[in-house]
Structure formats: C-alpha cells, structure tokens
Amino acid sequence: MLPKRQHAIYKGALAQKPVVLPRDTSRATPVQRQRAAAQQKTEAAVQDSLKRLCKFLGVNEIKRLKQDTYLRQKFDILDQSGDGRVDADELKVALRSDHPEMSARDAWLLLNVGDTNNDKVITFDEFKCVLPRAR
C-alpha cells in the first residue's frame, strides 16, 4: 500500500533526503521507523514505475538518458497536447494505451517524483531529472 499524502507519518516520503535511523534501531522512535519503512516502500515503487515507464518509452540504453535530443523525443511521446507539459491525465492515458498494467498508482508516483515545483505537471526540465533515476 502506498503512503497517503495527507498522513503526517508519510509527509516527505517522496523527498530526496533519506530518513536515517540510528545504528541501534532499538533507539529509533516508532515514527522514525515508520517514516523509514514508508520511504523504502515508496522508493521501491518509484523504481518499479520508472522501469515500466522506460519500457513503455522504449528506453533500452540508460547512458542515452543524458542526451537532450533523445530525452525530448521520449518526452514528446508523453506530451499528447504538445504544450510542453505532461499532466496526470496525459500520463495515465499514455501509459495505459500500450500497457494496461500501468496503473493510476504509477502515474501518481511518477507525477509526484517528477514534479519538483508542485504545479501538478511535469515539464521537460523536470523530466530530464527524473528519468535518469531509473536503475
């Protein structure tokens, strides 16, 4: 189950800064343990979604993800309206068209990881940062 955005324990689960538990985990508070567990589950789900997105976009070579022209071609596949931004609906439609196993959860994760300025859309600059995270 994915973390709920509004729940206090899961706030920041998608943040870049990892939760660090003390070496002796018995000294960690229950909230610290829950936050660390939520972050680990979320990161695993994000990696799974990024792998599916790469498969959908036909990204075979991770080293090509540093080339802007290559990334622009892949971004344009997702940007159905051509406005230079990918919103949640475009992401869902694009991902489900060829791969029905891509769920609303995957779209939600990708949007929340990719949208760094919280405007509910992914721009090309944000896309350039999120796609290379795929391992």
Side-chain angles (χ1 to χ4, degrees):
M1 182 171 198
L2 282 179
K4 295 182 175 134
R5 282 176 143 185
Q6 63 273 19
H7 199 287
I9 290 173
Y10 298 113
K11 290 231 186 240
L14 292 171
Q16 299 295 324
K17 185 176 178 184
V19 175
V20 178
L21 294 175
R23 285 186 190 184
D24 182 9
T25 55
S26 65
R27 292 183 178 216
T29 66
V31 172
Q32 286 176 318
R33 281 190 230 120
Q34 288 174 336
R35 284 185 176 162
Q39 195 169 49
Q40 288 172 349
K41 287 179 185 177
T42 303
E43 187 58 35
V46 166
Q47 287 302 318
D48 184 47
S49 296
L50 283 172
K51 285 178 187 175
R52 290 181 189 197
L53 179 64
C54 286
K55 185 177 177 182
F56 167 75
L57 293 174
V59 174
N60 299 326
E61 300 175 38
I62 301 298
K63 62 184 176 185
R64 291 197 66 194
L65 292 178
K66 296 183 187 220
Q67 300 171 353
D68 279 358
T69 54
Y70 182 75
L71 282 172
R72 177 55 80 174
Q73 291 171 350
K74 301 306 178 184
F75 181 77
D76 289 340
I77 293 171
L78 295 175
D79 184 18
Q80 300 293 318
S81 64
D83 62 354
R85 305 175 333 172
V86 176
D87 61 11
D89 294 331
E90 285 178 322
L91 199 55
K92 287 178 194 174
V93 169
L95 296 178
R96 286 190 177 172
S97 64
D98 287 340
H99 298 279
E101 72 271 5
M102 291 292 283
S103 63
R105 179 190 96 160
D106 293 315
W108 180 86
L109 277 170
L110 293 170
L111 186 66
N112 282 287
V113 168
D115 182 23
T116 56
N117 60 359
N118 296 323
D119 61 353
K120 306 278 190 262
V121 293
I122 298 174
T123 61
F124 178 66
D125 290 332
E126 292 169 334
F127 183 76
K128 285 189 330 186
C129 294
V130 75
L131 202 57
R133 280 184 63 180
R135 295 180 198 147

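Scanning all heavy atoms of the two residues, the minimum distance from Glu90 to Gln80 falls at OE2-N, 3.5 Å. The minimum heavy-atom distance linking Ala107 with Lys92 is given by the pair CB-CG, 3.6 Å. Counting all heavy atoms, side chain and backbone alike, Tyr70 lies closest to Val59 at OH-CA, 3.5 Å. Across Leu110 and Ile122, no two heavy atoms sit closer than the pair O-CD1, 3.6 Å. Annotation for Arg27 and Gln32: closest pair O-OE1, 4.4 Å, computed over non-hydrogen atoms. Closest non-hydrogen pair, Asp119 versus Val121, comes out as OD1-O, 3.0 Å.
With salt bridges taken as basic N to acidic carboxylate O contacts below 4.0 Å, one links Arg52 and Asp48. Under 4.0 Å is where a charged nitrogen must lie from a carboxylate oxygen, and between Asp87 and Lys120 no such pair does.
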message: For Arg35 and Val31: C-alpha separation, side-chain torsions, deciding distance, then whether side-chain contact (heavy atoms from CB on, under 4.5 Å) applies.
response: CA-CA 6 Å; Arg35 284 185 176 162; Val31 172; 3.9 Å; yes
message: Test side-chain contact (heavy atoms from CB on, under 4.5 Å) on Gln47 and Leu50; report intermediate values, then the result.
response: CA-CA 5 Å; Gln47 287 302 318; Leu50 283 172; 4.2 Å; yes
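Considering only heavy atoms from C-beta on, Leu109 comes within 4.5 Å of Thr42 through its side chain. The shortest distance between side-chain heavy atoms of Asp125 and Thr116 does not fall below 4.5 Å.
Going from atom CZ of Phe124 over to atom CG of Asp79 covers 11.0 Å, rounded to the nearest 0.5 Å. Going from atom CG of Leu57 over to atom CZ of Phe75 covers 11.0 Å, rounded to the nearest 0.5 Å. Atoms CG and NZ, on Leu78 and Lys74 in that order, are 10.0 Å from each other to the nearest 0.5 Å.
Using a distance-only test at 3.5 Å, with no hydrogens or angles considered, a donor-acceptor pair links the side chain of Glu126 to the main chain of Thr123.
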